[in-house]
Amino acid sequence: MKKPTQHFPGIAPIRFEGPGTDNPLAFRHYDPAERFDGRTLEEHLRFSVAYWHSFRGTGGDPFGPGTIQRPWEQGRDPLAVAKVRLEAGFEFFQKIRSPFWCFHDRDIAPEGATLAETNRNLDKVVAHAKALQKATGVKLLWGTANLFSHPRYMCGAATNPDAHVFAYAAAQVKKALEVTLELGGQNYVFWGGREGYETLLNTDLKREQAHLAAFLHMAVDYAKEIGFKGQFLIEPKPKEPTKHQYDFDVASGIAFLRTFGLEKHFKFNIETNHATLAGHTFQHEIETAAAVGMLGSIDANTGDLLLGWDTDQFNTDVRELTLAMLSILKAGGLGTGGFNFDAKLRRTSIDPEDLFHAHIGGMDAYALAFKIARRIIADGQLSLFVADRYASYDSGFGRDIERRKTGFRQLDALVQKKLGEPKPRSAKQEYLENLLARYLH
Ligand code: XLS
Ligand code: NI
Ligand code: NI
């Protein structure tokens, strides 16, 4: 048999060499085989590569075209190129030791002249992807449909004022669900990039939100019909490309899902850079979802604090990731979710090797954060502090408040007859920041 082409010649599968290594193409903290509580780190972290950035990203920005030219992007038949590109992708997933990948329907196969032709193109590439998944053991973390790039979606997909566009988007998601099922996808993501508006002068907000809900109900119904059991995920983002997006953040997502009776079917895919665009920390979004049992998956990246858009950089900020990991571990992990590197190379990082450096940095930072967070939890000092801070609710009238067994009249009597003035107690933020720093360094 002919040996398959090596798209990343000279780069061997990345190995764990430990914190002391000076090999830039080795893991320092991520040892996929290391065991914690009977599971390997690979099973705990469930890393995933985002196909759109790592294999469709060209480095283009609003001021200039792409800078990144991959050797495998050659030939005139877009379907043939799509298949070779996918092979390069799977070689990368294996070499970077990523157990999962994620894609949009339009990332992997070109659109045809009609929806039927587009679907046929997709089927051909999906068959190839299925074979590659089987050969490599790499699995699909989630699938999704691109409902934001094509001009037909310029005014939204499910929230488009034209029902014709809604119908087209429905047909597209129908197919994307079938394809995700075919590839054994463990989740399905809705990111509503153009589900929002630019101005209320031309927009019926109430109707658009109801249409979005109808769309999601149809997706739930169709998944049931075809036997897709993966977890549905909403990926909130406050803006970009649309000025006002309906899935602004986790809190507005919860309100939306509950308003329309969808909360049982959805969890959240939380993206670091989307959290910060909404004016929140990454950890805030995780805690908000976890508090209602709706933490689903993570799109792992970061923004640039000096830039006001989704720069989708690889995140190596161990402090931020440790805080996020603390909240994730406290919530019992991500279940069928994982850490998907929805992150891209800088426009100036044009070598195929840069894909490795980027992912190694991200994976090592998450692995280190995971270990530090576990140490913090095992030590128990932080959680003891918090537990103690709320201890007055553990018994007596505090417990009655939590159980709703008391009211204003009783509490008023209690204060006037017994308790008097509360004694303020320091929240000790600086002490706790120093405590955190001890684990980090
Ligand atoms: C864009 C989103 C997108 C989703 C998938 O900002 O992060 O990449 O993850 O549609
Ligand atoms: Ni994302
Ligand atoms: Ni994003």
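As a basis for the values below, the full set of heavy atoms in this structure was taken, side chains included, without hydrogen atoms, waters or symmetry mates. First listed ligand is number 1; within each ligand, the first listed atom is number 1. Predicted, not measured: the structure shown is a model, and the values here were computed from it.
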Problem - Nearest-0.5 Å distance that lies between atom CZ in Arg258 and atom CE in Met294 - result: 7.0 Å
Exercise for the section: Might you point out which heavy atoms bring His7 and Glu91 nearest each other, and give the distance in Å? Expected result: N-OE1, 2.7 Å
Problem - 4.0 Å heavy-atom contact, Val189 with ligand 1 - result: no
Practice task
Give me the ring orientation class for Phe232 and Tyr188: parallel if the planes are under 30° apart, tilted from 30 to 60°, perpendicular past 60°.
Solution key: perpendicular
Problem - SB check Arg374 Asp37 (cutoff 4.0 Å) - result: yes
Practice task
May I ask you to check if ligand 1 and Trp191 share an N or O to N or O distance below 3.5 Å?
Solution key: no
Handout entry: Option passing side chain to side chain contact (heavy atoms under 4.5 Å, CB included) with Thr322 (candidates Asp317, Ile372, Leu368)
Key = Ile372
Problem - Protein heavy atom at shortest distance from atom 9 (O) of ligand 1 - result: Glu235 OE1, 2.7 Å
Handout entry: Ring-ring centroid check Phe8 Phe92, cutoff 6.0 Å
Key = yes
Handout entry: Atoms in ligand 1 with a heavy atom of Lys237 nearer than 4.0 Å
Key = 1 (C), 6 (O)
Practice task
Please indicate whether any nitrogen or oxygen in His53 is less than 3.5 Å from any nitrogen or oxygen in ligand 1.
Solution key: no
Fill in the blank from the handout: In ligand 1, the atoms that come under 4.0 Å of a heavy atom of His104 are 5 (C), 10 (O)
Practice task
Please determine if Arg152 forms a cation-pi arrangement with Tyr168, meaning its NZ or CZ atom is less than 6.0 Å from the six-membered ring centre and no more than 45° off the ring axis.
Solution key: yes
Practice task
For Asp299, take its heavy atoms, then give the atoms of ligand 1 lying under 4.0 Å from any of them.
Solution key: 9 (O)
Problem - Shortest non-hydrogen contact between Glu353 and Leu25, atoms and distance - result: OE2-CD1, 4.0 Å
Fill in the blank from the handout: Among N, O or S atoms, His274 approaches the Ni ion (ligand 3) most closely through NE2
Practice task
May I ask whether His274 places a heavy atom under 4.0 Å from ligand 1?
Solution key: yes
Problem - Which atom of Asp310 approaches the Ni ion (ligand 3) most closely (N/O/S) - result: OD2
Practice task
Measure up the His44 and Phe370 rings against each other and bin them: parallel (under 30°), tilted (30 to 60°), perpendicular (over 60°).
Solution key: tilted
Problem - OE2 (Glu235) - the Ni ion (ligand 2) - OD2 (Asp299) angle, nearest 10° - result: 100°
Fill in the blank from the handout: The closest protein heavy-atom partner of atom 8 (O) of ligand 1 is Asp342 OD2, 3.0 Å
Handout entry: At the Ni ion (ligand 2): angle between Asp342 atom OD2 and Glu271 atom OE1, to 10 degrees
Key = 90°
